[in-house]
Protein chains: 2
Amino acid sequence: MDSKLFNLKAKLEVYKAMTNGGNFADCPVRDVIQGISGKWSSLLIMALAERPYRFGELRRLVPDISQRMLTQTLYDLQRDGYVHREVFPTKPPSVEYSLTDLGRSMFAPLQMLVQWAELNHDAVREARAAFDAAQA
Amino acid sequence: MDSKLFNLKAKLEVYKAMTNGGNFADCPVRDVIQGISGKWSSLLIMALAERPYRFGELRRLVPDISQRMLTQTLYDLQRDGYVHREVFPTKPPSVEYSLTDLGRSMFAPLQMLVQWAELNHDAVREARAAFDAAQA
DNA sequence: TAGTGCTGGTCTCTTTTTGAGACCACCATT
DNA sequence: AATGGTGGTCTCAAAAAGAGACCAGCACTA
């Protein structure tokens, strides 16, 4: 099998899905991507990929998230099926958040992006500095 | 038990995982991820990965983006080094946006996420429906 | 017994971000 | 002379996010 041809075909398939046949509005990929492209979503998924966390642990782990946004982002992730929420009847009741199978399967490609970010953050910062210098 | 020490250890573990060995003060992954996690960023990168586009083409391609957000998102992507902006001295002057090498290298892992989204958007939609039904 | 802290939130208010749409100069076509 | 396409900016309203007060329940402490 010709791997280049295969890649091209896969690529075209992806574009087709992305564009919903030429229409970028009402596209399922967009629907899914937007669900995880919030400011805190990917961060929380990365944290929960390591191990389950409780609400207060996450709050302390990500010090600059407001309690309100933590509640809401976890709610949204739970709604989309990435995160499982379990209440334990301890006193006081504790709530544990963990990734579902769907969440874990989504984390695999997300991790690629994280690795890219780690490798290329210098290039991005340099581009930013160069752009700002050129603007001034 | 020393809860402060425990929390600090957990913190370091997670950020180590996220940054693949980096430290907390300079968390590059978050910086980079947030640059492409906007509502329109990934969408425009996906479009420009196909071929260069002009401003008006992009506007028609993504009908529900406002002109203001298109301008701003392209500006941000250009600043971070993902997108190249070239003005052609035609009459009226036309502006072409294209991915840089950095942008193309970033699109590779982003594409993984897009493929995942294409394969799993049914699962996500079902999770959403089930969750909403359970809430009602 | 009264205070203090920890649990996981909700509620309100303010600030930031986004969206909708008017407006702009320039030029070609009709 | 009017119309439409070029790539924007500007203003104002709406939506989203941030800051911080507040809550009930229980455990520990003074």
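Only heavy atoms go into these numbers, but all of them, side chains included; no hydrogens, no water, no symmetry mates. Lettering follows sequence order; numbering is per chain, from 1.
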- request: Classify the nucleic acid contact of B:Arg68 as base, sugar-phosphate or nothing, counting any heavy atom under 4.0 Å across all strands shown.
  value: base
statement: Winner on side-chain proximity to B:Arg60, out of D:dT6, D:dG18, C:dC6, is D:dT6
- request: Check whether any side-chain heavy atom of B:Leu74 lies under 4.5 Å from a side-chain heavy atom of B:Leu58, and answer yes or no.
  value: yes
field: Spacing between A:Leu74 atom CG and C:dT10 atom C1', to the nearest angstrom
entry: 15 Å
- request: In whole angstrom, give the distance that lies between atom OH of B:Tyr75 and atom C1' of D:dG7.
  value: 16 Å
- request: Quick one: pull up CZ in B:Arg54 and OH in B:Tyr97 and give me the separation to the nearest 0.5 Å.
  value: 11.5 Å
query: With a 4.0 Å cut-off on heavy atoms, is A:Tyr97 in touch with a base, just the backbone sugar-phosphate, or nothing at all?
result: sugar-phosphate
message: Distance check needed: D:dA17 C1' versus A:Asp64 CG, whole Å only.
response: 13 Å
message: Measure CD/B:Glu86 against C1'/D:dT6 and give the value in whole Å, please.
response: 17 Å
message: Rounded to whole Å, please give me the gap between CD in B:Glu57 and C1' in D:dG7.
response: 13 Å
message: Can a donor-acceptor pair be found, under 3.5 Å and without considering hydrogens, that links the side chain of B:Arg104 to the backbone of B:Leu99?
response: yes
field: Separation of C:dC6 C1' from A:Arg54 CZ (nearest whole Å)
entry: 9 Å
message: Need one value for A:Phe88: base, sugar-phosphate or nothing, where a base atom within 4.0 Å counts as base even if backbone is also close, heavy atoms only.
response: nothing
message: Measure CE/B:Met69 against P/D:dA13 and give the value in whole Å, please.
response: 19 Å
Residue-phosphate contact under 4.0 Å: A:Arg85 side-chain N/O, C:dG9 OP1/OP2: yes
- request: Would you tell me if any nitrogen or oxygen in the side chain of B:Trp40 comes within less than 4.0 Å of OP1 or OP2 on C:dG19?
  value: yes
- request: Give me the ring orientation class for A:Phe131 and B:Tyr75: parallel if the planes are under 30° apart, tilted from 30 to 60°, perpendicular past 60°.
  value: perpendicular
- prompt: Taking the nucleotide of DNA chain D with the closest heavy atom to each, which residue, A:Ile65 or B:Gln67, is nearer the 5' end?
  reply: B:Gln67
statement: Atom CD of A:Gln72 and atom C1' of C:dT12 are separated, to the nearest Å, by 15 Å
query: Can you find a side chain N or O atom of B:Lys39 that sits less than 4.0 Å from OP1 or OP2 on C:dG19?
result: yes
- prompt: Think B:Lys91 has a side-chain N or O under 4.0 angstrom from the OP1 or OP2 of D:dT6?
  reply: no
- prompt: From B:Ser42 OG over to A:Gln34 CD, what is the distance, rounded to the nearest 0.5 angstrom?
  reply: 7.0 Å
